[in-house]
Participant: 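Before anything else, here's the structure in question.
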Amino acid sequence: MGVLLLDYICQGRIEKGTMPKNPVAVKSIVSTPLADAVAAHYGVEMRNVLTGFKWIGDQIANLEAAGEVERFIFGFEESYGYLAGPYVRDKDAIIGSMLICEMAAYYRSIGSSIKERLESIYAQYGRYLNKVDSFEFPGLSGMDKMASIMESLRSNPPKEIGGYAVTKVTDYKKPEETGLPAANVLIYALEGGATVVVRPSGTEPKIKTYFTTLGKDLAEAEAQKETLAQALKPILA
């Protein structure tokens with residue numbers, strides 16, 4: 001839905017001549033990279049921030065401080081949060097719901113649908129799939145176990161996951177490398193364009209794994225996700 005809204009807002013602003021100069025969109029680092037591709041297509045700068053809508057709000061505040069708040073056109077995160085304007089600094093279900101209804105009505109008016117538009121986006125940019133798995137660690141020893149797993153991943157980073165070579169590891173505990181505040185997040189870029197994100201939940205005793213796979217169709221993307229998930233199970237058990 002975040003990708004659909006970004007695409008719809010960009011199309012509409014360009015058509016009506018209301019797209020600002022040097023437009024900015026913002027999303028969390030665990031949200032789909034398909035949005036980065038859509039933003040690039042429309043000439044929009046996509047800023048990736050830590051998980052939590054406050055960080056999207058922080059980017060709006062930075063633009064406001066520079067006298068450029070009008071550059072912000074849309075922000076979203078993986079956990080169903082959307083914002084299409086700088087008037088609040090948190091996810092806004094009211095405007096988000098309205099925009100989704102408006103978008104659906106627009107596509108119906110031209111004989112299409114949200115589903116058809118999403119399929120055309122996949123046809124243009126590739127069939128992305130985004131899935132989240134969770135590993136729970138209850139009890140008094142749960143937090144220690146989670147910390148041990150994250151430390152092991154840092155000290156012995158995997159060279160491959162499910163047969164796919166790891167081409168890059170981004171450790172968000174190193175702000176000097178990411179340019180963002182320190183966070184307990186690891187992102188593995190894999191050959192072929194897939195990514196795996198590993199992060200402990202900030203509110204529950206669980207480690208979350210975010211998979212983004214890219215295939216020629218849904219079946220291929222789903223198969224790769226299952227391969228990657230099975231490979232991670234022994235590490236996160």
Side-chain angles (χ1 to χ4, degrees), residues 1-2 26-35 48-58 75-82 90-91 93 128-215 218 221-237:
M1 190 58 68
V26 188
K27 71 177 181 65
S28 62
I29 58 176
V30 299
S31 300
T32 177
L34 175 55
N48 289 276
V49 297
L50 299 179
T51 304
F53 220 90
K54 66 179 181 180
W55 298 112
I56 296 176
D58 189 54
F76 80 99
E77 63 177 0
E78 170 267 340
S79 56
Y80 308 107
Y82 314 106
D90 205 344
K91 60 187 74 173
Y128 285 77
L129 177 72
N130 304 279
K131 292 286 186 180
V132 182
D133 289 349
S134 295
F135 295 82
E136 296 191 8
F137 299 89
L140 294 175
S141 63
M143 297 302 290
D144 289 338
K145 177 68 172 175
M146 291 166 59
S148 175
I149 289 172
M150 295 302 293
E151 175 56 35
S152 177
L153 285 170
R154 286 188 165 90
S155 58
N156 300 292
K159 292 182 172 56
E160 57 87 23
I161 301 175
Y164 295 90
V166 175
T167 58
K168 182 181 180 182
V169 180
T170 304
D171 185 351
Y172 282 83
K173 271 199 170 182
K174 300 177 178 179
E176 69 277 7
E177 295 181 9
T178 66
L180 297 174
N184 196 7
V185 181
L186 291 165
I187 296 184
Y188 301 95
L190 308 179
E191 62 176 340
T195 60
V196 176
V197 182
V198 181
R199 64 176 283 265
S201 169
T203 56
E204 300 172 281
K206 61 177 63 173
I207 290 178
K208 292 185 175 183
T209 51
Y210 302 77
F211 300 93
T212 296
T213 54
L214 178 60
L218 179 58
E222 285 181 332
Q224 186 183 25
K225 184 270 172 183
E226 287 306 315
T227 297
L228 297 174
Q230 288 300 319
L232 278 179
K233 274 186 178 181
I235 300 173
L236 300 177

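In this text the structure is predicted, and so the values were computed from the model without any measurement.
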Participant: Restricting to non-hydrogen atoms, name the atom on A194 and the atom on Q224 that form the minimum distance, rounded to 0.1 Å.
Facilitator: CB-NE2, 3.6 Å

Participant: F53 and E77: which non-hydrogen atoms are nearest, and at how many Å?
Facilitator: N-OE1, 3.5 Å

Participant: Looking only at heavy atoms, which two atoms of G215 and A221 are closest? And how far apart?
Facilitator: N-CB, 4.0 Å

Participant: Run K27 and N48 through side-chain contact (heavy atoms from CB on, under 4.5 Å) and show every step you take.
Facilitator: CA-CA 5 Å; K27 71 177 181 65; N48 289 276; 2.6 Å; yes

Participant: Can you name the closest pair of heavy atoms from A189 and T195 and give their distance?
Facilitator: CA-CG2, 4.3 Å

Participant: Pairs under 3.5 angstrom only: tabulate donor-acceptor contacts from the side chains of residues 152-161 to other protein residues two or more places apart or in another chain.
Facilitator:
unit_1	atom_1	unit_2	atom_2	d
R154	NE	D171	OD1	3.1
R154	NE	D171	OD2	2.9
R154	NH1	N184	OD1	2.8
R154	NH2	D171	OD1	3.0
R154	NH2	N184	OD1	3.0
S155	OG	E151	O	3.1
S155	OG	S152	O	3.3
E160	OE1	G162	N	3.4
E160	OE1	G163	N	2.6

Participant: Should we count NZ of K91 as having more than 12 external heavy atoms under 6.0 Å?
Facilitator: yes

Participant: Assess the residue pair V198 and Y188 against the criterion (side-chain contact (heavy atoms from CB on, under 4.5 Å)); give the C-alpha distance rounded to whole Å, side-chain angles, the decisive distance to 0.1 Å, and a yes or no.
Facilitator: CA-CA 8 Å; V198 181; Y188 301 95; 4.1 Å; yes

Participant: Roughly how far, to the nearest 0.5 Å, is the CG atom of N130 from the OG1 atom of T213?
Facilitator: 7.5 Å

Participant: Listed by chain and number, what are the salt bridge (charged side-chain N to carboxylate O under 4.0 Å, His left out) partners of D58, not counting sequence neighbours?
Facilitator: none

Participant: Measure the OG-CZ distance between S31 and F76 for me, rounded to the nearest 0.5 Å.
Facilitator: 5.0 Å

Participant: Which residues satisfy the side chain to side chain donor-acceptor pair (under 3.5 Å) test with K208, sequence neighbours excluded?
Facilitator: none

Participant: Please give me the minimum heavy-atom distance between K225 and L129, naming the atom from each residue.
Facilitator: CB-CD2, 4.1 Å

Participant: Between V166 and L190, is the side-chain contact (heavy atoms from CB on, under 4.5 Å) condition met? List the steps.
Facilitator: CA-CA 5 Å; V166 175; L190 308 179; 3.7 Å; yes

Participant: Between E191 (side chain) and A165 (backbone), is there a donor-acceptor pair under 3.5 Å?
Facilitator: yes

Participant: Under the side-chain contact (heavy atoms from CB on, under 4.5 Å) rule, collect the residues that match up with L180, sequence neighbours excluded.
Facilitator: I29, L50, Y172, T178

Participant: Do any side-chain atoms of residues 134-145 form donor-acceptor pairs under 3.5 angstrom with protein atoms, and if so which ones, sequence neighbours left out?
Facilitator:
none

Participant: Report, one line per pair, each donor and acceptor closer than 3.5 Å where one atom sits in a side chain of residues 227-237; sequence neighbours left out.
Facilitator:
unit_1	atom_1	unit_2	atom_2	d
T227	OG1	A223	O	3.0

Participant: Looking at CZ of F211 and CD of E226, how far apart are the two atoms once the value is rounded to the nearest 0.5 Å?
Facilitator: 8.5 Å

